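Here is the structure we will look at, set down as structure tokens.
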Amino acid sequence: MKRTTKLLTGVALATGIAGAAIAQDDPFQVGFIYVGPTGDFGWTYEHDQGRLAVEEAYGDQVETVYLENVPEGADAERAITTMILGGADMIFTTSFGYMEATNAVAAQFPDVLFEHATGYLREHPNVSTYSARFYEGRAVLGHIAGHMTESNTIGYIASFPIPEVIRGINSAYLHARAVNPDVEMRVVWVYTWFDPAVEADAAQALIDAGVDVLMQHTDSTAPQAVAQEAGIISFGQASDMAQFAPAPRVASIIDNWAPYYIERVGQAIEGTWEQADTWDGIGPGMVEIGEMTETIPAEVRESAQAMIDAIAAGEYHPFTGPINRQDGTAWLAEGEVADDGTLAGMDFYVEGITGEIPN
């Protein structure tokens with residue numbers, strides 16, 4: 001197996017194009033651009049586990065490289081270009097804010113394959129997008145949270161007001177309210193994916209406001225530590241976070257990127273890679289729910305597992321009507337299921353959530 005390195009130097013490798021098998025003596029080089037550190041034990045950690053799975057799957061046939069803590073914006077464009085000049089044949093850019101940079105660089109390097117996580121722009125034939133239906137996992141955690149809260153107040157640390165995050169908030173709230181009509185959700189927006197100090201402050205502010213169950217769409221384990229200190233329940237985010245899990249241990253939402261990465265790299269090597277937009281969830285295994293411990297009552301574990309099974313089988317969709325928008329206007333009628341287009345662009349809260357979504 002080739003040694004993985006963050007040092008990107010040397011002459012670019014020979015590359016192939018979509019639809020043509022790769023012919024080169026050197027290993028096929030796959031790059032990963034990370035918004036946080038690989039040791040965050042959350043979002044970036046799980047993407048890096050996918051990278052390592054690619055190495056294990058292909059051995060000497062593939063070499064992987066990565067850059068961590070790459071800011072979204074102009075810095076990302078420079079980082080991606082540097083990686084290509086260092087020899088990358090294929091690059092996974094793993095944060096929403098890399099979308100414009102990914103497409104800009106793709107225009108300059110048409111023989112390099114690009115995969116952008118959680119975005120929607122595919123302006124060039126060498127750019128694909130992929131994401132997970134995190135809202136499915138949020139539904140399960142919301143179901144558990146609604147049963148577990150004693151104060152009827154759930155806190156949610158939100159990163160950026162983009163559809164992915166808004167979907168998660170709505171899904172968690174709807175399923176908490178379904179089992180506990182008195183539940184209230186308090187949302188704090190922190191405008192960061194990974195900042196332990198900011199996340200810890202947000203967690204403490206929510207606890208001071210009376211929440212006894214904490215959820216998050218940020219990447220560090222800091223909220224877990226604050227929750228443990230306060231003696232309240234929280235959930236692992238993006239990764240199991242088991243080694244940081246507060247007592248009592250409950251459950252987590254896990255992003256499993258490895259199968260997708262292995263499949264797409266294999267297609268690139270074989271010359272069968274084609275532009276695609278992938279949005280998978282619990283059924284295909286891209287979203288998982290970590291161990292539901294005995295802290296959760298047996299009947300709640302059973303009902304949560306039944307929801308997981310129904311979602312996986314395609315028998316239940318977390319956004320099934322009747323559901324109203326925050327202002328009380330109808331969105332989904334009884335039995336109506338939200339279409340992917342609306343979900344992909346979701347920019348509104350559902351009825352019952354207080355506060356406003358920031359511009």
Side-chain angles (χ1 to χ4, degrees), residues 1-8 10 12-35 38 43-68 70 76 79-95 98-99 101-103 105-106 109-119 122 124-132 238 254-280 284-288:
M1 184 178 295
K2 289 290 182 179
R3 180 176 62 88
T4 300
T5 177
K6 291 186 289 181
L7 180 62
L8 303 177
L13 301 175
T15 60
I17 59 174
I22 302 300
Q24 57 186 45
D25 295 330
D26 295 318
F28 186 71
Q29 190 179 103
V30 184
F32 294 80
I33 302 289
Y34 298 145
V35 72
T38 57
W43 175 263
T44 295
Y45 171 81
E46 284 298 333
H47 283 285
D48 200 53
Q49 292 299 297
R51 178 186 66 82
L52 294 173
V54 168
E55 285 193 342
E56 183 174 355
Y58 295 106
D60 289 345
Q61 195 175 5
V62 167
E63 178 182 49
T64 71
V65 295
Y66 68 91
L67 287 170
E68 58 187 349
V70 177
I80 297 166
T81 301
T82 297
M83 190 168 276
I84 293 170
L85 296 177
D89 301 298
M90 182 179 195
I91 295 180
F92 292 85
T93 55
T94 64
S95 189
Y98 296 151
M99 183 163 59
T102 300
N103 282 271
V105 179
F109 297 94
D111 290 340
V112 177
L113 304 180
F114 296 83
E115 296 266 352
H116 177 234
T118 73
R122 296 174 298 282
H124 310 285
N126 56 332
V127 179
S128 284
T129 50
Y130 64 101
S131 189
I254 301 172
D255 311 334
N256 180 19
W257 304 111
Y260 180 80
Y261 288 167
I262 291 169
E263 177 183 18
R264 295 298 275 174
V265 170
Q267 291 170 354
I269 294 171
E270 295 165 0
T272 59
W273 185 98
E274 294 181 350
Q275 184 183 67
D277 178 33
T278 300
W279 199 11
D280 284 340
M286 193 175 275
V287 175
E288 300 176 345

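Nothing here was measured: the structure is a model prediction, and the numbers come from that model. For this chain, numbers begin at 1 and follow the sequence in order.
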Check [X] against [Y] and note the closest heavy-atom contact, atom names and distance.
X      : Y      : answer
Ile80  : Phe114 : CG2-CE2, 3.8 Å
Ala268 : Leu113 : CB-CD1, 3.6 Å
Ser131 : Met286 : O-SD, 3.3 Å
Arg51  : Val65  : CD-O, 4.4 Å

>> Quick check on side-chain contact (heavy atoms from CB on, under 4.5 Å): which of Asp277, Thr94, Thr118, Asp280 does Tyr130 satisfy it with?
In response: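 Between Tyr130 and the candidates, side-chain contact (heavy atoms from CB on, under 4.5 Å) is satisfied uniquely by Thr94.
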> To the nearest 0.5 Å, how far apart are CD in Gln275 and CG in Asn126?
Replying inline: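 One gets 8.0 Å once the value is rounded to the nearest 0.5 Å.
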> For the atom pair CD (Glu63) and CG (Asp89), what is the distance rounded to the nearest 0.5 Å?
Replying inline: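 It comes to 9.5 Å.
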> Can you name the one residue among Gln49, Glu115, His47 that meets side chain to side chain donor-acceptor pair (under 3.5 Å) with Tyr261?
Replying inline: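 Among Gln49, Glu115, His47, the one meeting side chain to side chain donor-acceptor pair (under 3.5 Å) with Tyr261 is His47.
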> Under 30°, 30 to 60°, or over 60°: which ring-plane class applies to Tyr34 and Tyr66, parallel, tilted or perpendicular?
Replying inline: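 Ring orientation, 0 to 90° scale: tilted.
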Does a side chain donor of either [X] or [Y] reach within less than 3.5 Å of an acceptor in the other side chain?
X      : Y      : answer
Ser128 : Arg264 : yes
Thr102 : Thr93  : yes
Glu288 : Asn256 : yes

